[in-house]
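One structure is given here, and the rest of the page talks about it.
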Amino acid sequence: MITEDLNESQREAVLCCDAPSLVIAGAGSGKTRVLTCKIAYLLQTGMQPWNILALTFTNKAAKEMRQRIGRMVGEETASRLWMGTFHSIFSRILRQECAHLGFGSDFTIYDASDSKSLVKSILKDMQLDDKTYKPGSVAARISMAKNRLIMPAAYMADRQNFEADMHAKMPAIGQIYMQYWQRCRQSNVMDFDDLLLYTWLLFTEHPEVAQKWEDRFQYVLVDEYQDTNYAQHLIVWLLTQHRQRVCVVGDDAQSIYSFRGANIDNILRFQEQYNGSKLFKLEQNYRSTQTIVSAANSLISHNRGQIHKEVYSCKDMGELISVLQTYSDIDEANAVMKCVREFHRNERIPYNQMAVLYRTNAQSRSFEEVMRKASIPYRVYGGTSFYQRKEIKDVIAYLRLTVNPHDEEALRRIINYPARGIGQTTMDRVVNAARVHELSLWDVLCAPHLMADVSAATKNKLNAFVEMMKGFNARHTGEDAHELTLDIVRMSGLQAEVNRGMEPEDIARKENLQELMDGIAAFVEERKEQGQNALLTNYLQEVSLLSDVDESDSMSEDRLTLMTVHSAKGLEFRVVFVVGMEETLFPSQMAMDSPRGLEEERRLFYVAITRAEEYLVITNARSRFRYGKTEFCEPSRFLREIDPRFLQVRGSGAIGSAATRVSHHDISRKNEKDIVPTIPRGIDARRFVKVTPMLHQSKNMQDSAQSTSVCSSVAVGTRILHERFGKGVVTAVSGSGIDTKATVNFENVGVKQLLLRFAKFKVI
């Protein structure tokens with residue numbers, strides 16, 4: 001009964017219980033079903049629930065499996081299984097065995113916030129600058145050492161670690177780690193990483209304890225084995241090395257978390273470690289169309305480090321994958337918005353069954369903005385909306401205070417950020433003076449004699465802040481928003497603050513700040529082209545409408561999902577847009593110099609593709625606004641690695657011409673042929689026109705745009721190609737000479753009015 005609904009491969013994996021088993025589960029192949037059925041089968045054949053250990057990576061996965069097993073064998077039996085996350089299971093073992101390690105059974109467990117707080121305390125005691133030794137970065141280095149099973153003494157003795165810390169300008173990491181380790185032991189505390197480290201120490205230093213637990217767990221199962229780190233892998237080995245009754249399930253093609261310590265070699269070398277192990281491949285995909293599955297297969301075949309499998313779909317061929325090559329990042333966001341709208345209207349696909357996937361969090365900005373303006377409900381899954389991110393809110397607070405010094409909330413947020421020695425006690429006195437004299441906080445700061453009990457040194461700090469803000473305020477009516485913001489970010493110290501550290505979260509903050517600056521620069525350029533003011537007040541007026549975002553995270557609400565590809569793992573949608581497929585973006589710049597890193601980026605794209613059930617649209621922009629200027633973008637190499645039989649674009653003819661499949665040459669920087677993406681069924685193809693490759697040098701466009709001959713050739717009906725907005729048709733012309741303006745109806749971004757002497761376009 002348990003196995004009757006399984007396919008042949010699933011059934012074989014479930015029934016094999018007498019040898020180590022490696023189950024390679026392709027995307028959408030039903031791995032959870034295999035795990036739950038295997039556990040139910042073990043119970044049915046007489047094994048007791050407390051003799052089965054099932055390790056997962058999330059509480060959600062453990063809960064889902066337990067519920068499924070409960071429906072098969074009864075909830076009471078299922079409740080007695082040792083099933084849970086690595087950390088929860090190992091904490092249970094440590095509670096029982098901690099005396100061997102010198103801990104009391106009542107030890108407490110620190111979460112990430114507690115760990116960071118302890119690091120801060122140690123930095124203060126050691127008189128180390130927390131701007132150089134950022135608590136988050138220090139905690140991350142300690143965490144990585146623990147996951148590699150390196151204890152403080154060994155860390156300090158390792159020359160490679162010391163050189164890495166010197167390079168990061170944090171040579172005292174080893175001493176901090178030692179202090180952290182000792183303080184935790186003195187306080188009878190373990191952090192999350194200790195739950196792995198001390199379990200490994202327990203089993204290696206006390207073999208009799210390891211034998212006890214190996215005897216206890218007669219069968220061990222591990223989910224998502226491709227995501228295990230060094231410590232998790234070794235602990236599983238210590239629990240199974242003699243009996244070798246173990247089953248691990250995973251997909252090497254979806255190993256995408258090396259930055260968290262995951263080691264793909266754990267799954268690739270499983271069969272070398274466990275002699276006589278059996279390999280089972282779940283290759284039937286229940287999620288996606290055959291076209292999507294075949295495209296993913298052709299992509300991942302370029303990876304050398306893999307266990308080969310040929311996934312196939314139980315569904316029909318479905319629609320070809322659309323490759324949508326857009327003119328610019330703004331054109332890309334608008335094109336995706338239109339596709340979303342039309343899938344929703346024409347195919348009746350709910351918004352919550354569609355997702356936009358991007359490589360970096362910073363990319364969400366342009367999509368959030370266009371969805372907001374188009375009144376399409378959306379949510380940022382697994383992250384924070386762009387304008388709600390701390391580093392962005394900090395900059396916006398400085399801009400608000402520049403325009404309006406009496407903005408109390410903005411002032412409170414940034415008066416001591418970055419830190420300038422203005423503490424809460426001082427602010428309490430400022431607030432009290434403001435209440436007594438019925439003035440704004442700014443008025444009080446400008447009249448320090450109104451504050452009681454404030455030292456001369458503190459008044460000097462307050463005065464320095466006031467003078468800086470007065471300087472910014474004096475410029476906001478005469479300089480464009482981008483020029484002024486560059487100085488605000490630099491002179492306030494925000495830029496230096498954000499640029500500290502090289503941990504993943506530090507890099508994300510830098511990317512977010514750069515994306516904000518690029519957004520402001522694009523705003524200024526667009527306003528100037530349209531003959532409008534581009535001052536800070538104009539920018540704040542627009543951005544205030546984008547900042548008030550509903551942060552609801554409910555999957556049940558009908559909202560379009562915006563997320564990074566990493567966040568999308570394990571999820572599925574009827575329609576998926578994979579955006580920003582360009583070199584240095586996807587694959588990322590950091591991965592391109594490393595064969596191993598490049599293979600992980602390819603696996604990440606594989607994960608993105610296989611999230612789609614019915615429709616997949618892949619987009620890239622020919623140019624992006626970066627560092628204050630338009631830069632040419634080269635299409636991602638991964639696009640050329642997908643078998644062209646599964647991709648589709650339009651030919652070089654008119655809109656009504658027959659569609660043709662794309663060749664590798666089409667998705668190339670060198671392609672000179674005009675192409676038009678084929679939009680999937682349900683999307684109005686009339687909304688899209690053939691794409692003319694952008695000029696490599698934006699200066700050529702600017703020169704042509706500013707020439708008298710080009711401007712004079714613009715008339716009603718003229719077709720133009722704009723550097724940022726794409727193709728459009730002139731619907732009206734007004735003014736003369738340098739004041740000539742053209743109203744243009746663009747294919748994707750709608751109607752814009754351009755001041756021709758500033759506009760970057762060419763007549764086509």
Side-chain angles (χ1 to χ4, degrees), residues 326-335 337-338 366 369-370 372-375 476-484 519-546 622-623 625 628-630 655 686-692 694-695 697-764:
T326 62
Y327 301 98
S328 65
D329 45 355
I330 189 173
D331 191 41
E332 177 187 50
N334 279 279
M337 177 273 290
K338 288 195 171 184
S366 58
E369 289 185 3
V370 298
R372 185 80 168 184
K373 291 175 182 177
S375 298
H476 87 275
T477 58
E479 295 181 25
D480 70 55
H482 183 246
E483 183 180 345
L484 180 52
I520 297 174
F523 166 84
V524 169
E525 184 174 288
E526 182 177 337
R527 298 277 293 197
K528 285 183 176 179
E529 281 191 301
Q530 297 180 57
Q532 300 174 351
N533 289 330
L535 302 175
L536 210 50
T537 50
N538 306 121
Y539 175 72
L540 289 173
Q541 182 176 347
E542 180 169 301
V543 82
S544 64
L545 301 176
L546 301 169
R622 295 181 184 276
S623 65
F625 209 82
K629 64 182 186 300
T630 299
I655 290 298
R686 292 172 299 176
R687 297 291 188 97
F688 298 88
V689 296
K690 64 180 183 176
V691 177
T692 301
M694 297 299 299
L695 295 177
Q697 295 179 339
S698 61
K699 184 178 183 299
N700 292 344
M701 258 192 169
Q702 190 171 5
D703 290 343
S704 101
Q706 291 177 340
S707 68
T708 304
S709 59
V710 173
C711 291
S712 62
S713 67
V714 172
V716 174
T718 300
R719 291 168 58 81
I720 71 168
L721 175 60
H722 189 275
E723 187 180 77
R724 296 269 291 153
F725 304 143
K727 277 191 175 181
V729 177
V730 177
T731 59
V733 178
S734 62
S736 61
I738 63 172
D739 294 324
T740 303
K741 291 183 179 180
T743 302
V744 185
N745 187 9
F746 290 100
E747 293 289 339
N748 288 330
V749 302
V751 177
K752 300 281 185 183
Q753 190 175 67
L754 305 180
L755 188 61
L756 295 187
R757 64 189 170 110
F758 289 130
K760 297 178 180 178
F761 71 94
K762 68 176 181 178
V763 175
I764 56 176

For this session: Give the minimum heavy-atom separation between Phe725 and Ser328, together with the two atoms involved.
Result: N-OG, 4.4 Å

Problem set entry | Residues Glu526, Lys752: salt bridge by 4.0 Å N-O rule | yes

Exercise. Rounded to the nearest 0.5 Å, how far does OG1 of Thr630 lie from CG of Asp329?
Worked result: 8.0 Å

Exercise. Just wondering, do Tyr539 and Val524 contact through their side chains at under 4.5 Å, heavy atoms?
Worked result: no

Exercise. By side-chain contact (heavy atoms from CB on, under 4.5 Å), which residues pair with Leu484, not counting sequence neighbours?
Worked result: Thr402, Arg475, His476, Glu479, Ile488, Leu536

For this session: Determine, for Arg724 against Glu529, whether the closest basic-nitrogen to carboxylate-oxygen distance falls under 4.0 angstrom.
Result: no

Problem set entry | Nearest-0.5 Å distance, NZ of residue Lys528 to CZ of residue Arg757 | 10.5 Å

Problem set entry | N/O donor-acceptor pair under 3.5 Å between Ser623 side chain and Tyr327 backbone | yes

Problem set entry | Interatomic distance, His482 atom NE2 to Ile520 atom CD1 [nearest 0.5 angstrom] | 7.0 Å

Problem set entry | Closest contact, heavy atoms only, Phe625 versus Glu525 | CE1-OE1, 3.5 Å

For this session: Applying side chain to side chain contact (heavy atoms under 4.5 Å, CB included), run through Thr740 and Val714 and close with a yes or a no.
Result: CA-CA 10 Å; Thr740 303; Val714 172; over 6 Å; no

Problem set entry | Any residue meeting side-chain contact (heavy atoms from CB on, under 4.5 Å) with Ala732, in chain and number order, not counting sequence neighbours | Thr743

Exercise. Looking only at heavy atoms, what is the nearest atom pair of Ala335 and Thr326, with distance?
Worked result: CB-CG2, 4.2 Å

For this session: Give me the one residue out of Leu754, Ile330, Val744 that meets side-chain contact (heavy atoms from CB on, under 4.5 Å) with His722.
Result: Leu754

Exercise. Rounded to the nearest 0.5 Å, how far apart are CG of Leu756 and OG of Ser736?
Worked result: 11.5 Å

Problem set entry | Side-chain donor-acceptor contact under 3.5 Å, Asp331 with Asn748 | yes

Seminar exercise, completed: Heavy-atom closest pair (Leu755 atom, Lys741 atom, distance to 0.1 Å) is CD1-CG, 3.8 Å

Problem set entry | Lys/Arg-Asp/Glu bridge criterion (N-O < 4.0 Å) met for Asp480, Arg527 | no

Exercise. Any idea which heavy atoms bring Ser366 and Ala333 closest together, and the distance?
Worked result: O-CB, 3.8 Å

Problem set entry | For Val751 against Asn745, the heavy-atom pair lying closest together | CG2-OD1, 3.9 Å

